[in-house]
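See structure below.
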Amino acid sequence: MAGTDSAGSLLAISDLHVRHPENRTIVEGIRPRTPQDWLLVAGDVGDTVAEVEWALRLLADRFARVVWSPGNHELWTPPGDPVTLRGAARYAHLVELCRDLGVVTPEDPYPVWQGRGGPVTVAPLFLLYDHSWRPDGFDTPEAALAEAYRTGIVCTDEFLLHPDPYQSRSAWCAARVAETARRLAERDPALPTVLMNHWPLVREVTRVLRYPIFAQWCGTDATADWHVRFDAAAVVYGHLHIPRTSWHDGVRFEEVSVGYPREWQPRRVPPGRLRQILPAPEGTPSTAW
Ligand SMILES: [Fe+2]
Ligand SMILES: [Fe+2]
């Protein structure tokens with residue numbers, strides 16, 4: 001069904017990680033196909049506030065609309081960043097930055113994509129994780145974390161992603177999940193959604209991780225049915241650095257990450273290609289990009 005604006009596409013990318021000069025070059029090359037295109041940016045733009053601002057400003061100048069969800073890297077308080085805010089205060093600072101740039105955040109009214117494949121409600125989400133995706137045999141977050149330390153696969157979030165003022169990242173996640181579910185329930189029920197979250201909504205997609213123990217930093221069981229419950233036409237995520245398309249309960253999930261140079265350089269696919277979310281591409285490949 002065509003919307004009122006029949007020309008543009010809803011496109012997506014994530015994990016730009018512009019700390020790396022090679023990735024900054026990729027971002028400089030990102031351009032819309034038509035003046036009507038929207039770009040969804042699913043987190044991990046950069047580590048410092050200045051890096052995030054550089055990339056989002058550039059993209060906001062080029063696309064009709066840019067929609068952003070934070071990744072764990074934006075939420076870090078890294079050494080050397082003159083912005084020393086932590087946790088929820090850091091997130092609030094990034095939201096204000098986005099508003100100055102005209103970029104839509106999870107704190108804004110959900111915009112409606114009226115272009116090709118629309119109308120759909122575009123919902124940028126910020127949900128974090130709660131250590132519920134633990135390996136078999138590890139019944140508590142503490143046991144799973146101890147195993148991670150034993151094996152040497154520990155996410156840097158443990159050192160740089162502070163949950164202030166929450167007691168823990170899990171508590172912050174629970175608050176985000178509750179508030180976000182409330183907002184999604186209030187959306188226009190006549191329209192399907194495109195859900196965008198840095199972390200995947202379903203655990204199944206983490207089964208391809210090289211180190212499965214890393215899944216404890218990747219999402220929450222609380223969102224396992226959200227793609228059905230909130231009528232998703234597509235779900236956009238990143239974080240895993242494993243770009244691919246998969247289907248869950250008939251819903252298309254798109255992992256749209258660029259990742260680190262050492263990850264994308266060996267791939268045959270040129271880096272930085274934007275994934276088309278809507279209109280749904282014909283003959284969508286079912287696995288790897
Ligand atoms: Fe990333
Ligand atoms: Fe990430």
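For ligands, and for the atoms within them, numbers begin at 1 and follow the listed sequence. Just so we're clear, the structure is a prediction, and the values are computed from it rather than from any experiment.
Transitive grouping of hydrophobic side chains (ILVMFWY, heavy atoms separated by less than 4.5 Å) keeps Trp133 and Leu128 in distinct clusters.
Between Tyr129 and His131, the ring-plane angle classifies as perpendicular under the 30° and 60° cut-offs. Ring geometry, His241 versus Tyr260: the interplanar angle exceeds 60°, so the pair is classed perpendicular (tilted spans 30 to 60°).
Protein N/O/S atoms found under 2.8 Å from the Fe ion (ligand 2): Asp44 OD2, Asn72 OD1, His198 NE2, His239 ND1.
Crowding of Arg203 atom CZ: a count of heavy atoms from other residues, nucleotides or ligands under 6.0 Å exceeding 12.
In summary, Glu22 and Arg24 do not engage in a salt bridge, as defined by a charged side-chain N under 4.0 Å from a carboxylate O. Between Arg169 and Glu158 there is a salt bridge, since a side-chain N of the basic residue sits under 4.0 Å from a carboxylate O of the acidic one.
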